[in-house]
Amino acid sequence: MKTVRPFRIDAEALSSFLPSRAIRGWQGLLLLGIFLASLAAAQAQGVAAPQTPSAIATLIEWMPFILKGFVLNLVMSFLAMGIATVLGIALGMLQLSHSRLLRAPAWIITHLFRNSPWLVILFVVMLLVPFEVELPGGRNLILSDWIKATIAFSLPVMANVSEIVRGAIVSIPRGQWESAESLAFTRGQTLRWIILPQCVKRAIPPWMNWYALLAMATPMASILGVREAVGNAQAAMEAAGARPELLVPFYLFLLLLFFAYIYPISIWTRAIERKYAVET
Amino acid sequence: APAEAADGRLQEILDRGTVRVGVLGAFKPWSFPSTDGTQEGIEIDLAKSVADTLGVNLEPVVVTSANRMQFLQQGKIDVIIGGMYDTAERRKIIGIIEPAYWTSGPTLMAKEGAIASWEDIKDKPVCAKQGANYNKQVQREYGPRLVAFTGNTEGKAALRAGKCVAWLYDDASIMADLASGEWDGYEMPVSVLFNNPWASAVPIEELDKPWGVFMTGMAYRWQAEGTLLELEKKWEVKPSDWLAEQHKRLEWDESYLDGQ
Amino acid sequence: MPLVEVHDVHKSFGDLEVLKGVSFDVRQGEVVCIIGPSGSGKSTLIRCINGLNNIQQGSIKVEGQEVNDPNLNLLELRKKVGIVFQQYNLFPHKTALENVMMAPVKVLKEPKKEVEERARALIAKVRLGGKEDVYPGHLSGGQQQRVAIARSLAMRPDVMLFDEVTAALDPETVKEVLLTIKELAAEGMTCILVTHEMGFAREVADHVYFTDRGVIVEHGPPEELFTRAKDERTQRFLSQVV
Amino acid sequence: MPLVEVHDVHKSFGDLEVLKGVSFDVRQGEVVCIIGPSGSGKSTLIRCINGLNNIQQGSIKVEGQEVNDPNLNLLELRKKVGIVFQQYNLFPHKTALENVMMAPVKVLKEPKKEVEERARALIAKVRLGGKEDVYPGHLSGGQQQRVAIARSLAMRPDVMLFDEVTAALDPETVKEVLLTIKELAAEGMTCILVTHEMGFAREVADHVYFTDRGVIVEHGPPEELFTRAKDERTQRFLSQVV
Amino acid sequence: MFSLIAPLFQRLYDETGLNFIIFYDRYEYDRFVSGIAISLQLIFWSILLSLVIGVLGAWVQTSRSRLLRGVVNGYIQLFRNTPPLIQLLFFYFGLGAFTPQVDMGGYYEPLISSFAWAILSLGIFGGAFNVEIFRSGIEAVPKSTAEAAESLCFSRWQTYAYITLPLAFRISLPALTNNLVSLAKTTSLAYVISVPEMTYTLNQVWSDNINVPEMMLVLFLFYVIIVSLIAAGLHWLEKRLALPGYGR
Ligand SMILES: Nc1ncnc2c1ncn2[C@@H]1O[C@H](COP(=O)(O)OP(=O)(O)OP(=O)(O)O)[C@@H](O)[C@H]1O
Ligand SMILES: Nc1ncnc2c1ncn2[C@@H]1O[C@H](COP(=O)(O)OP(=O)(O)OP(=O)(O)O)[C@@H](O)[C@H]1O
Ligand SMILES: [Mg+2]
Ligand SMILES: [Mg+2]
């Protein structure tokens, strides 16, 4: 019987974590414009006392300080992504290992970190990991707060990279494994030369998407006292007298800052995804 | 490891050429950032005097009320000068330096006329700071609905937005706020629950070693030499009777020197 | 001594017995075709010979070496036995030339230059000279299949197995691939083919085996089998296919 | 008065003119087949009759009612005209019975009990008695197609349109579906069929239209058209298909 | 319940020093239980709100008005591309300052509590993802199926309600499961605006009692269980609603 399967869907294409499908550059600019307009509106709203500077003036004064914090957000996101990628690839391959002894822990680690809130992982690492660890050579490695936060952020991303890698490997047709096997490739050689190179393309869009999610998670570090953009913005508001009219412009500015960074990444991710979709 | 060095932390600091002082990051006017990102405030000035006396550089490390003791235990900072109460419990874990350099107690800030006594906050939302050690006590004794925030800024913003009746915090800080002119129409309607000195602290094992002894000397001088009274003036904090009293008590009567 | 000896092979997938005692021999240089209805176990048989499927009972020997031996070095076996599948399974991220070179370079660690020379010769042999640097995605099905054949040949196997290598191709390209196999057979390569192309089987095979439901029902030289099949099942199958 | 009157219909998709002046009539109880090469506009024509596509010029009348009238109540029209597609398009989340009952219950708001009775009768009529509670995914293509026919009939249409209803089916199941349509025609249902099954057209049609590139090239009773086609294009088409 | 487990955990503390105070101290126990209740409510309402937004948004995206579609698209982009933490802070502190509050005689009870702000903010955040999920689902419903309904006299709305939506929902379920699970996890962020949910409550407990590792363990278990339950429930739904015969 010829089966018509109109309802087969590509779960990955629908995955909530993939970037928006209808994404365009000019929309981003438009949204940026709306941001700026609301900043101006917030300015008009604050009835500043004559001797105090206006909210916008205060924001501009503190902007370098906030941007300095944002650099830390970026640094944390880069480092965490690097760690997550390396560990995640290893973990993803372990998940497919023939040995139960390797597969089971890999599966548990992956799912534990995938299913725990980032904030909880952050708390665990920040409060339970010591500030100094002794290296084998007898030297001490100092783990400052932001480094610990970086490690904490890398864990959930690692687990998700692990799943991406596993999914990509599984999606390679069996025939590839078999023909490599019949050409006398060992399992490791097959993975190294045949399977992984084919996975890269499939994995890049979700990988980039996870980077965006990671970058957007870094402000959580402020809760534990790391001085990144949000923490700095809050300290700045306190230093500027904790005036209530500061709240809207400052938080709006933070939103804008992240939007201006993340949105282009989303567009780019989407473009790459489209390109690969056409190629295959 | 630092603890192993025979001369202890003090030697380590001198070798390092930097003293790491834990300060609260957003606690005006004791310690708060300036627009260039560096810290300033009363506690920073105190920290500077420590560094200057030792002839080393100062590295202020921003801590929070929730993590400052861990940081000290872990060796991440050499000393806390960060608005910390001297309590019996804390003395078990860290080396509290005597004498204290400031004092304050939990009180409330509220819109004028909203609150008359501590009993008034029962079942009402009261903003607080996460990790403050009197939260539990106030909660148990007066039964407010405590809404604790991670930072002072948020807590006070919440009060201003009417999300709570009062802001439960140290009177010293509240007085500073009221004096700043940003809080017209607000008041401190109740007396402090208790008065608790703020002490600096070193790791507990350092308390009787050179580093603890040195810090004790510094703390004594801040009081005796009137450093704290000067800082009070410099940072426009409402003069505190306790400081004046301490200064008088600890000041060495040097008048006999004049006679020689 | 026969190059491949298959003796009383039994193979089950779970409860399903797919091969129920199959025996046959293939001598050096012989070309053998296996025909039979779908599901009769042809692919399974051929995959057992190269160790892709293990067997439950019986013995398979290649150059006197037992395939079913758990201590056997599978890699050694696979160097001797090449296989080409219906779905060519080329490596899509490598060019035609790289596909052919990959196994000798990565697995046998042969010097790259030498392998490249051989690979180019093989690609020319399957009449794809000029397509060396093209990726599989840009080759037609028939061309891909011929690259797959060259890729197997690059390991210098003693026997080549072909599993319905033309089934996924359209009639025109089938011819190209069959031509390549024919040339190979003519050069003396030992070949075992599963095929539905009866005309081709008749032309190149030295011996044809007809399988049904896991057993060899009948076998013989092609002229004999195709014209004077004795078994009723064979007759019915041939009447439908030819 | 003819039941369906198609007069000089023109229809374009963008720049592409698909129907270039088509006219024909269908009388009550008549069975009409439309044949022609792929892309000649057969599906488009049939879809216009039930208002799924609108037309740019000309007129289509069903029971004297102009389809192309912008003020026409499309629902009223569609109650009169049933259509069955090549891709049966059953509702996959509903059982066969529910599929048949859905439109009368939800759209016509007829009492459920009554509709159910009728629906069961219809399912029996398309010889699917016993399959009432089976979901489309578990039915074969031919069975699905017959449910689709029953589903259309449940609306008690005056005309039934069939658009290559057997094209997606394998030869065996084709017969079942054709039998159903034959019975329907025998009972006096007015039918317009697009089909590639010439044998079937010859058997059931009262009149056959041959279309090519948007026009009716030739038409007539099947014996005549199939044996004595005058137009060269018709002859060529028939020689290929029959 | 409490009196049942209290002695057990008291003994555990006395003998091993493992301080699960929430299981033997009445005050902390009550805090813990209310933390669970608030977390569950928070999860429930934010998921519900996000679903409502998702369905409405997807529906608007099929509308003919370019403006409406543009607005919804802008909403999606804004909320998908900014950190949810800052969204929460912005809603609560930024917008919260402008919302009406009820004068309760001397003090004010805000009309929208921090709990309500958390639901609003998280629901809107999660909704942005749901709109896309539902829209993809709607797009994946074959046009011809809707057309068949149309030819059976279904009106546009009837086709949407009886055919397109039920099918789209089934198609969307796997992606929806993903998103709702991550939304449930994200509710822990409500901590920053002091909603006394699980993370906040246990944080209070461990800063009062200095038993960080034990409370962390409880926190971890809580979320793992909640997330597994939600995922299991949705998978069950997925199985139940699976189109018979169209399994993968
Ligand atoms: N890995 C497997 N697991 C379970 N059953 C299998 C497996 N591989 C094959 N089978 C079953 O074994 C039987 C024989 O399969 P095989 O592929 O060998 O037949 P074949 O003769 O090659 O058929 P075809 O001409 O269709 O390729 C079939 O019933 C098939 O379903
Ligand atoms: N919605 C549409 N938009 C644009 N072009 C269309 C559309 N529907 C059909 N066409 C074009 O109109 C022409 C006629 O199509 P139609 O489906 O009516 O042909 P047909 O005779 O039914 O062919 P077949 O036998 O292949 O079904 C074709 O060229 C087709 O590509
Ligand atoms: Mg086979
Ligand atoms: Mg058609």
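Numbered from 1 within each chain, the chains take letters A, B, ... in sequence-line order.
- In terms of heavy atoms, B:Ala158 sits closest to E:Phe93 at N-CE2, 4.1 Å.
- Around the CH2 atom of B:Trp235, the shell of radius 6.0 Å holds more than 12 heavy atoms that belong to other residues, nucleotides or ligands.
- In plain terms, the two heavy atoms of E:Tyr191 and B:Thr150 that are nearest each other are CE2-CG2, 3.8 Å.
- Scanning both residues, B:Ala148 and E:Tyr200, for their nearest heavy atoms gives N-OH, 2.6 Å.
- With values rounded to the nearest 0.5 angstrom, E:Tyr27 atom OH is found 7.0 Å from B:Lys136 atom NZ.
- In B:Glu112, the CD atom is crowded: over 12 heavy atoms of neighbouring residues, nucleotides or ligands sit closer than 6.0 Å.
- Around atom CH2 of E:Trp59, no more than 12 heavy atoms belonging to other residues, nucleotides or ligands sit under 6.0 Å away.
- A 6.0 Å sphere centred on OH of E:Tyr13 holds no more than 12 heavy atoms belonging to other residues, nucleotides or ligands.
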